[in-house]
S.K.: 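Got a structure for you, questions after.
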There are 2 protein chains.
Amino acid sequence: MVTMSDVAKAAGVSRATVSYALRGDPRIAAATAEKIRQAAQKLHYNANISARSLRSGRSGIIGVAIYELDRPYPSEMSAAMSREIARRGYQPIVQQTSGSKDDEIMILQKVTSQLCDGMIFSPGQVSDEELRALSHGKPMVLLDDISPDPVFDSVNTACEDGSAAAVRHLIDIGCKHVVVVGPSYDMLLDDKMASSVVGRRMTGCLRAFEEAGVDVDASNFLPLEHWDPIPAREAAYRLLDSDDYRDADGVFCMTDTIAISFMRGLADRGVRVPDDIALVGFDGVTESEYAVPSLTTVRTDLDDLARRTLDLLIDRINANVGGVGIDAAGDAGDNAGDGLAFPDAPQRLTAAWELVKRESTRR
Amino acid sequence: MVTMSDVAKAAGVSRATVSYALRGDPRIAAATAEKIRQAAQKLHYNANISARSLRSGRSGIIGVAIYELDRPYPSEMSAAMSREIARRGYQPIVQQTSGSKDDEIMILQKVTSQLCDGMIFSPGQVSDEELRALSHGKPMVLLDDISPDPVFDSVNTACEDGSAAAVRHLIDIGCKHVVVVGPSYDMLLDDKMASSVVGRRMTGCLRAFEEAGVDVDASNFLPLEHWDPIPAREAAYRLLDSDDYRDADGVFCMTDTIAISFMRGLADRGVRVPDDIALVGFDGVTESEYAVPSLTTVRTDLDDLARRTLDLLIDRINANVGGVGIDAAGDAGDNAGDGLAFPDAPQRLTAAWELVKRESTRR
DNA sequence: TTGTAGGCGTTATCAC
DNA sequence: GTGATAACGCCTACAA
């Protein structure tokens, strides 16, 4: 391994000078800096991240921790985040939380919060308060976190407006009995109605029903225990087999993956989409465009999502630099939260989206 | 941040004792060790990875660097790798190489080879020799790397046998004119025929054709500049529009993503699968099961792939420890078996696979 | 069985 | 402008 000392020796200067020069400190003479850069280049020098991180607390890495890397939406989102992180001059790393709480904690404790200058996290089981403790004062932006009393910045998908648009579209094309696949009707009574993704998407649906003058009951909702392909496919059988849903002619599935699996379930029974049942999904994954029939969906603009997320995160990272530098009196990060020179209130943004109309609702 | 000193103070011992105890060194008395563990637990102590890595060169992290995280196959593969890495007690991190050579180099230089005890890499543009330099002596296992003179261990998909099975299956169900989508017929003259994924898959196809007594010419191959959805969809139009392929009745696409896009292209023109044209893919992504019609495919067993990959990698990591430390009596059982302090020759394994027959070839 | 001490490569605080 | 020098938190020979 070639270290800073090697570069210093090659350039005939001290280690300190190398450090300054490579980091672009203006105090170093241009000629010296150039000489040092060339020496570094020739030796294929690369700063040791562990050493830098140990000494300065900064690594140049931004971490993305996400649930289920093997599903289309999370993986396309991670890819978009990775690209945007790289574009901002940071190194992206992605981690899979697999949905278990221990896993999420482990990842944050062991890797992300230690190694990363900032984190992008899609919280599953861990509460905001726990996250605060796990973040070690490092900046973090949450995805689709709607907790009533937010601790971190977050960027959300357009749950309400998007879902409302989906249901409205089904009604517009003439559906008389629209069924929403995902939530249970009982959800209405749940106190998480306003603070969870499913609750907010359901709220959007209800708004659309109401605006269209449609009375809603349990037969407008087909609950899904897990938002996975197999239960979603079987949900289609349930819909077809139950008297409650027999005249259903329009279905809104809360994710594209559910929609595509549901569509497969309909195909298993020979039900035609959109002729017999029209179908709308949510997310706008690539797969939705290539399905047969292609899927109408509420597409989240992932590039916009990534851009907004990194705007927030990098602002916080830069703010932290100023803060940490003066931070001689221990880790004030926590207790000074409501004080002066400290971060403003958590922001909450929504990513751009659009309803993409395709064959599954073409009538 | 709570350091080892804090734990030492809380437990009333020295830092060294804490280090030994937490790493399970048998020299520490059981009672002392337990006391230390409890103190660490209570203080929520977590070893600082940067410090550990700087001092010992080991971080407990294994990195996966892969091309295009937003495609189904790579993302499902990364997820399988992540799970297996975690199962072995390491922390997984995933990075997207995006296919550019600079990117691959950057990732290896700046992050992976520095931070990780071992790497799993799916090489795109970088040659084996360059990789050797970039690896900094850290163990690495390559995926689907078929270079004639391998430097690293690798685990491959069953390119030849899998492709042969795909083509054979199309012939078995009665296809008279099978077209392989992906490679160009000119590939045969290419010197990378034996050392690239596309070349080896093509070799498998040729074997199946030959065994079936089918004469092959350019009309059995439909080249694809990029293995992406849009060109694949358009390839279907090309197939239908060209006289060369007019009587094609069976198609083998070199990946599932190509197959599904191609199938979409056929649907655009009202061509029925499998009635008019039968279709086989390669990979076995989840999506292939939910497509309509469901896609017959050469499924790679990703769990098996991950298992074999980590068997190789962790062996090398442990061997490296033996080499680096002066650990005389160490677990020589593994590494000192053959030869001296030098690693054995690169191994090359193939992941389990199966031909999954589905609707797209049901006749 | 446990403590002491030195150093991993970098950055930051001083002098010069 | 540049160069010594001291940490950052941990690991590990060696001493006790």
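First the proteins, then the strands, lettered A, B, ... as listed; each starts at 1.
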S.K.: Assuming nearest nucleotide by heavy-atom distance, tell me which of B:Thr17 and B:Leu54 is located more 5' along DNA chain C.
M.R.: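 Checking each residue's closest nucleotide, the 5'-ward one belongs to B:Thr17.
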S.K.: Is it true that a side-chain atom of B:Ser98 and a backbone atom of B:Ser100 form a donor plus acceptor pair closer than 3.5 Å?
M.R.: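 Absent.
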S.K.: Hey, are A:Asp303 and A:Arg308 close enough for a salt bridge, meaning a charged N less than 4.0 Å from a carboxylate O?
M.R.: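 Answer for the salt bridge query: no.
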S.K.: Using a heavy-atom cut-off of 4.0 Å across all strands, would you classify B:Thr32 as base, sugar-phosphate, or nothing?
M.R.: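 Sugar-phosphate, backbone atoms only, no base.
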S.K.: Could you tell me the separation between the CZ atom of A:Arg58 and the C1' atom of C:dT11, rounded to a whole number of Å?
M.R.: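 Rounded to whole Å, this separation is 13 Å.
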S.K.: To the nearest Å, how far apart are B:Glu34 CD and C:dT2 P?
M.R.: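 Rounding to the nearest Å, CD of B:Glu34 and P of C:dT2 are 14 Å apart.
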S.K.: Counting any heavy atom closer than 4.0 Å, what does B:Ser50 reach on the DNA or RNA strands: base, sugar-phosphate only, or nothing?
M.R.: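 It contacts nothing in the nucleic acid.
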S.K.: What does A:Arg15 touch in the nucleic acid at a heavy-atom separation under 4.0 angstrom: a base, only the sugar-phosphate, or nothing?
M.R.: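 The residue A:Arg15 makes base contact.
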S.K.: B:Tyr90 pairs by side-chain contact (heavy atoms from CB on, under 4.5 Å) with which of B:Leu310, B:Leu313, B:Ile314, B:Ile61?
M.R.: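 When B:Leu310, B:Leu313, B:Ile314, B:Ile61 are each tested with B:Tyr90, the side-chain contact (heavy atoms from CB on, under 4.5 Å) holds only for B:Ile314.
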S.K.: Where the side chain of A:Glu130 meets the backbone of A:Ser127, is there a donor-acceptor pair that is under 3.5 Å apart?
M.R.: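 A pair under 3.5 Å: yes.
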S.K.: Starting at atom CZ of A:Arg23, determine the distance to atom C1' of D:dT2, rounded to an integer number of angstrom.
M.R.: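 So the two atoms are 17 Å apart, to the nearest Å.
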S.K.: Looking only at side-chain N and O atoms, does A:Ser19 come under 4.0 Å of OP1 or OP2 in C:dT11?
M.R.: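 Checking A:Ser19 against C:dT11: at least one side-chain N or O falls below 4.0 Å of OP1 or OP2.
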S.K.: Who are the side chain to side chain donor-acceptor pair (under 3.5 Å) partners of B:Gln95, not counting sequence neighbours?
M.R.: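 Listed in chain order: B:Thr112.
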S.K.: Give a yes/no verdict on a cation-pi contact between A:Arg132 and A:Phe152, requiring under 6.0 Å between NZ or CZ and the six-membered ring centre and an angle within 45° of the axis.
M.R.: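 No cation-pi geometry.
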S.K.: Just how far, in rounded Å, is C1' of C:dT10 from CG of B:Leu115?
M.R.: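 Rounded to the whole Å, the gap is 15 Å.
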S.K.: If only atom types and distance count, is the side chain of B:Asp25 paired as donor or acceptor with the main-chain N or O of B:Tyr20 below 3.5 Å?
M.R.: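 A pair under 3.5 Å: no.
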S.K.: Determine to 10° how strongly the helix from C:dT1-D:dA16 to C:dC16-D:dG1 is bent, judged from the axes of its five-pair ends.
M.R.: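 Answer rounded to 10°: the end axes differ by 40°.
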S.K.: Starting the side chain at C-beta, find the nucleotide from D:dC10, C:dT11, D:dC11 nearest to A:Arg52.
M.R.: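 That would be C:dT11.
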S.K.: In whole angstrom, give the distance that lies between atom NZ of A:Lys110 and atom C1' of D:dG9.
M.R.: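 To the nearest whole Å, that distance equals 17 Å.
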S.K.: Taking B:Asn46 for the side chain and A:Lys110 for the main chain, is one N or O donor matched with an acceptor at less than 3.5 Å?
M.R.: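 Absent.
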S.K.: Does OP1 or OP2 of D:dT2 have a side-chain N or O of A:Ser14 closer than 4.0 Å?
M.R.: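 A:Ser14 to D:dT2 OP1/OP2: no side-chain N or O under 4.0 Å.
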S.K.: May I have the distance from A:Asp25 (atom CG) to C:dA12 (atom P), rounded to whole angstrom?
M.R.: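 Spelled out: CG on A:Asp25 to P on C:dA12 is 10 Å.
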S.K.: Does a side chain donor of either B:Asp103 or B:Thr97 reach within less than 3.5 Å of an acceptor in the other side chain?
M.R.: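 Looking only at side-chain atoms, B:Thr97 and B:Asp103 do not form any donor-acceptor pair under 3.5 Å.
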S.K.: What is the distance, rounded to the nearest whole Å, between atom CD1 of B:Ile36 and atom P of D:dC10?
M.R.: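 It is 14 Å, rounded to the nearest whole Å.
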S.K.: Confirm from the modelled atom types if A:Tyr20 and C:dT13 form a donor-acceptor pair under 3.5 Å, side chain to base only.
M.R.: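 For A:Tyr20, whose side chain was compared with the base of C:dT13, there is a donor-acceptor pair (under 3.5 Å).
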S.K.: Please state whether the base of C:dT10 and the side chain of A:Arg55 form at least one donor-acceptor pair under 3.5 Å?
M.R.: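 Not at all, since no donor on one side and acceptor on the other fall under 3.5 Å apart.
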S.K.: Of A:Arg27 and B:Ala33, whose nearest nucleotide on DNA chain C comes first from the 5' end?
M.R.: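 With A:Arg27 and B:Ala33 compared, the 5'-side residue is B:Ala33.
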S.K.: Let's see if you get this right: which residues in residues 2-13 of chain A place a heavy atom under 4.0 Å from DNA chain C?
M.R.: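 Contacts with DNA chain C under 4.0 Å: A:Thr3, A:Met4.
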S.K.: Look at all strands and tell whether A:Ala16 reaches a base, only sugar-phosphate, or nothing, counting heavy atoms closer than 4.0 Å.
M.R.: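 Contact class for A:Ala16: base.
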S.K.: Considering only NZ, NE, NH1 and NH2 on the basic side and carboxylate oxygens on the acidic side, decide whether B:Arg88 and B:Asp311 come within less than 4.0 Å.
M.R.: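 Yes, this pair counts.
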S.K.: Can you tell me the distance, in whole Å, between the CG atom of B:Asn48 and the C1' atom of D:dC10?
M.R.: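 The answer, rounded to whole Å, is 8 Å.
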